[in-house]
Amino acid sequence: MSDMIMVKQKLVDLLKQAAVKAQESGKLPSLSLPDVVVEHPQKPEHGDYASSLPLKLARSTGLSPLAIASSIAEFIAPTPEIAHVAAAPPGFINFTLKSDWLTQQVSYILSAADSYGNIDMGQGSRVQIEFVSVNPTGPLHVGHGRGAILGSALANVLTAAGFSVEKEYYINDAGSQIDAFGRSLYARYQQSLGTPAEMPSEGYFGNYMVELAKELIAEEGDRFLALPEPEATSQLKQIGLKKIMSQIKSDLELLGVSFDNWFSERSLYDNGGFKKAMSPLHQGGYLVEKESATWFVSTALGEDKDNVVVRSDGSPTYFAADIAYHYNKFVERKFDQVINIWGADHQGHVSRMKAVVGALGINPERLKIIISQMVTLRRGGEPVRISKRSGELIILREVVEEVGADACRFFFLARSADSQMDFDLELAKRESADNPVYYVQYAYARIASILRLARQRQIDYHDGDVAKLSSEPELTLIRKMLLLPEVVESIAHMLEPHHLAYYAQELATVFHSFYKQCRVISEEDEVMTKARLKLVVAARLVLAKTLHLMGMTVPERM
RNA sequence: GCGCCUAUAGCUCAGCGGACAGAGCAUCGGUCUUCGGAACCGAGGGUCGUGGGUUCGAAUCCCUCUAGGCGCGCCA
């Protein structure tokens with residue numbers, strides 16, 4: 001529960017009520033109201049909130065927008081938050097918040113503490129967010145890092161928005177690519193032991209496979225050479241998978257990304273989940289036999305082609321597994337909402353996945369798929385090929401170790417998922433001092449430093465009077481702090497965590513500006529010192545919350 | 001050929017139906033006796049890729065075209 005975010009909602013309600021009263025009084029014709037939208041005006045002189053409702057009503061009523069604005073404004077009931085309401089040309093209604101209400105919010109933030117910014121939008125409904133889910137056939141690369149950061153930040157925000165969130169990694173431990181991985185590993189194993197062996201054409205040629213083979217030799221010796229090939233391949237595959245997975249796990253940990261659940265694709269076949277999921281599709285007539293394979297007739301649902309579910313050799317496709325997996329998410333585990341974060345190369349699967357979810361009798365609206373566009377990696381302006389199969393791949397770990405997890409997180413979060421981005425390692429290192437990460441974290445370190453001084457001087461400010469905060473830099477800072485719940489709400493609604501990075505930067509700017517203009521600890525003015533210390537503590541809370549939502553650290557010093 | 005994403009200030013990007021289009025970096029010019037200058041203040045810089053349309057109102061919605069990226073397997 002948050003008073004702040006309620007202000008916006010409260011204004012919407014006030015506007016609706018005022019419009020109805022205006023209608024009852026005859027000043028407005030009785031028509032059904034459009035959606036009432038309240039937003040933040042760009043210009044401060046237009047107040048804290050504004051609505052263009054009168055402009056929207058102008059056409060249907062035939063009245064001038066400004067006249068409508070005046071009529072409605074007249075009926076806005078007084079509230080403790082609002083200083084004044086104004087009708088402004090061409091037809092806006094502007095609201096300005098009361099200064100004393102604003103300053104009072106500092107106390108509110110202090111009492112809310114870590115929970116400030118949390119809202120009850122989700123009301124505990126269950127959301128599963130599945131991300132990364134990279135095939136365990138090689139290390140993570142930078143693009144995977146983008147999805148990882150996106151997913152974990154989004155999970156943080158959704159949690160703050162009152163959803164019950166579960167983060168999941170889907171392990172593709174079945175299928176032909178995993179078999180190719182096993183055969184590749186076997187070949188490298190043999191080669192390392194001096195036995196000539198040929199890599200499969202669909203194999204994994206990265207150097208990490210050679211290293212993996214050597215590691216296995218060091219740990220297990222040459223005992224697999226004695227086994228028949230299928231047995232050796234199968235055993236090596238299992239051991240290799242485990243090793244790669246633990247590598248992936250530790251790479252993610254380095255980035256500060258964790259999961260609640262690691263879901264094995266193979267388990268869908270082992271426990272009958274696959275068969276269960278197919279049955280509603282059979283019953284719905286969505287599966288047909290064609291060319292001795294089983295197809296999902298997505299064309300019947302408006303797709304441009306059908307998709308094979310079971311191959312002519314009887315083995316299920318990746319798509320089939322995905323169907324079973326989503327059946328498991330929605331039907332077995334009963335998530336209210338499922339969010340998948342996929343790379344741009346999976347974009348073509350979005351519509352058929354939604355189609356199949358619909359065919360399973362689940363409202364496709366409950367499945368949200370976020371596509372994160374490609375990251376192209378550069379070094380000194382030169383593009384670096386990112387391919388699991390090239391020997392020269394730049395792995396995520398390397399990047400994180402070079403620029404740091406915080407910088408990675410901020411950088412990846414600072415742009416929307418659907419824009420592709422270039423990431424130049426040289427640039428990131430060379431310009432690290434200008435990195436916005438430091439700007440934002442510096443604001444936090446400054447706050448920490450002020451509070452250290454206060455502690456050192458043993459200033460007791462618990463009785464500080466926030467009502468003394470009245471200057472423009474102070475109120476500007478408070479206004480910005482009050483936006484956090486709205487940012488959380490907006491991100492939870494749009495599933496666009498990049499707004500966090502912008503908000504963090506704005507908050508830091510406003511704080512730096514306040515700091516420059518308002519001396520906090522002053523020997524002459526004890527009253528002001530105490531009031532401002534309260535403000536600073538509140539600012540620390542808000543900044544820390546923002547950075548934590550981004551998954552970043554808060555440095556006491558830097 | 002079809003589908004998805006992108007095109008906004010010199011650069012990197014926000015804004016996605018409302019009031020003169022914003023930020024960071026870069027450029028130029030200012031601010032330092034006290035809490036951390038990794039700071040602050042200010043200036044210049046944009047016919048929002050093109051051409052249509054819808055609307056009282058479009059960077060924002062629809063269509064055309066152009067350019068770039070990614071997909072379109074009985075791979076995953």
Side-chain angles (χ1 to χ4, degrees), chain A residues 37 39 41-43 45-46 50-53 55-56 58-59 64-65 88-92 94 133-135 137 172 174-178 180 202 265 290-295 303-305 307-322 343-351 371-374 376 411 414-422 424 427 431-443 445-454 456-457 494 498-499 501-502 505-506 508-509 511-523 529 532-533 536 557-558:
Chain A
V37 176
E39 61 199 347
Q42 290 173 8
K43 302 278 167 182
E45 58 265 35
H46 293 138
S51 176
S52 60
L53 177 65
L55 285 161
K56 294 196 203 307
R59 185 145 181 241
S64 102
F92 290 95
N94 296 334
S133 299
V134 175
N135 286 359
T137 52
N172 302 116
S176 57
Q177 292 200 356
I178 292 300
E202 287 296 305
E265 175 186 355
K290 209 164 53 179
E291 297 153 24
S292 72
T294 307
W295 299 69
E303 295 295 294
D304 52 2
K305 61 181 67 161
N307 299 97
V308 172
V309 175
V310 180
R311 301 184 185 92
S312 43
D313 69 1
S315 65
T317 62
Y318 165 82
F319 180 48
D322 233 9
D345 53 343
H346 284 60
Q347 150 274 127
H349 305 239
V350 174
S351 64
I371 297 294
S372 86
Q373 293 296 324
M374 271 196 24
T376 47
F411 190 82
R415 56 215 66 212
S416 79
D418 39 35
S419 300
Q420 55 194 86
M421 57 185 276
D422 278 356
D424 194 316
L427 210 66
E431 291 192 348
S432 62
D434 297 325
N435 198 309
V437 187
Y438 298 103
Y439 179 81
V440 174
Q441 290 186 325
Y442 180 59
R446 260 188 162 169
I447 290 172
S449 165
I450 295 170
L451 297 177
R452 272 196 299 273
L453 183 67
Q456 188 188 317
R457 298 203 183 162
M494 309 285 287
H498 67 273
H499 295 115
Y502 288 88
Q505 211 161 343
E506 286 166 17
T509 297
F511 179 79
H512 283 311
S513 181
F514 156 80
Y515 177 86
K516 189 73 176 183
Q517 295 173 74
C518 302
R519 172 86 203 176
V520 177
I521 296 174
S522 141
E523 312 224 327
T529 297
R532 285 182 173 160
L533 278 170
V536 168
R557 297 169 202 272
M558 44 192 293

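Below, chain A is the first sequence line, B the second, and so on; all start at residue 1.
A distance-only check finds no donor-acceptor pair linking the side chain of A:Ser449 to the backbone of A:Ala445 [under 3.5 Å]. Side chain of A:Ser292 to backbone of A:Ser312: no donor-acceptor contact under 3.5 angstrom is found. Formation of a donor-acceptor pair under 3.5 Å by the A:Thr529 side chain with backbone atoms of A:Ile521 is not found in this model. Here the side chain of A:Ser51 pairs a donor or acceptor atom with the backbone of A:Val37 at under 3.5 angstrom.
Contact annotation for A:His512: backbone-only contact, meaning every heavy-atom pair under 4.0 Å involves sugar-phosphate atoms and none involves a base. Using a 4.0 Å heavy-atom distance criterion, A:His499 is classed as a sugar-phosphate-only contact. Base engagement by A:Ser52 is indicated by at least one non-hydrogen atom pair under 4.0 Å involving a base atom. At a threshold of 4.0 angstrom between heavy atoms, the contacts of A:Ala454 with the nucleic acid are absent.
Taking every side-chain heavy atom of A:Leu55 into account, B:G18 is the closest of B:C20, B:C5, B:G18.
B:A76 and B:G71 have their C1' atoms separated by 14 Å, given to the nearest Å. Rounded to whole Å, the P atom of B:C2 lies 28 Å from the corresponding atom of B:G17. Across the C1' atoms, B:A67 and B:G51 are found 15 Å apart, a figure rounded to whole Å. Separation of the C1' atoms belonging to B:G15 and B:G24 is 15 Å when rounded to the nearest angstrom. Of the P atoms belonging to B:G73 and B:C63, the separation is 25 Å, rounded to the nearest Å. Taking atom C1' on both B:U60 and B:G49, the two are 15 Å apart, rounded to the nearest angstrom.
Considering only side-chain N and O atoms, A:Gln42 lies under 4.0 angstrom from the phosphate OP1 or OP2 of B:G22. At B:C41, one or more side-chain N or O atoms of A:Ser513 fall inside 4.0 Å of OP1 or OP2 (strictly under the cut-off). Note on A:Lys516: every side-chain N or O is 4.0 Å or more away from OP1 and OP2 of B:C32. Checking the phosphate oxygens (OP1, OP2) of B:A38, no side-chain nitrogen or oxygen of A:Arg446 falls inside 4.0 Å.
Rounding to the nearest 0.5 Å gives a distance of 13.5 Å between CZ of A:Arg415 and CD of A:Gln373. Taken to the nearest 0.5 Å, the CD1 atom of A:Ile371 stands 10.0 Å off from the CG atom of A:Asp418.
Taking atom NE2 on A:His349 and atom C1' on B:C72, their separation rounds to 9 Å, with Å as the unit. Atom-to-atom, CD of A:Gln347 to C1' of B:C5 comes out at 8 Å; the value is rounded to the nearest Å. One interatomic measurement links the two molecules: CD of A:Gln373 to C1' of B:U12, which rounds to 17 Å at whole-angstrom precision. One can place NE2 of A:His346 at 10 Å from P of B:G71, the figure rounded to the nearest angstrom. Rounded to an integer number of Å, the gap from OH of A:Tyr439 to C1' of B:G37 is 12 Å. Atom OH in A:Tyr442 sits about 6 Å away from atom C1' in B:G37, given to the nearest Å.
In this structure, a donor-acceptor pair under 3.5 Å is present between the side chains of A:Ser351 and A:Glu303.
By the 5.5 angstrom centroid cut-off and the 30-degree plane limit, A:Phe92 is classified as not stacked against the base of B:G18.
Counting only Watson-Crick and G-U wobble pairs whose two key distances fall under 3.5 Å, RNA chain B forms stems of three or more stacked pairs at B:1-7 with B:66-72, B:10-13 with B:22-25, B:27-31 with B:39-43, B:51-53 with B:61-63.
Projected onto RNA chain B by closest heavy-atom contact, A:Ser449 and A:Met494 fall at different nucleotides, the more 5' of which corresponds to A:Met494. Taking for each of A:Glu39 and A:Asp422 the nucleotide of RNA chain B with the nearest heavy atom, the 5'-most of the two is the partner of A:Asp422.
For A:Met558, the CE atom counts as densely surrounded, since its 6.0 Å shell holds more than 12 non-hydrogen atoms of other residues, nucleotides or ligands.
For an aromatic pair to be called close, the ring centres must be under 6.0 Å apart, and A:His512 with A:Tyr439 satisfies this.
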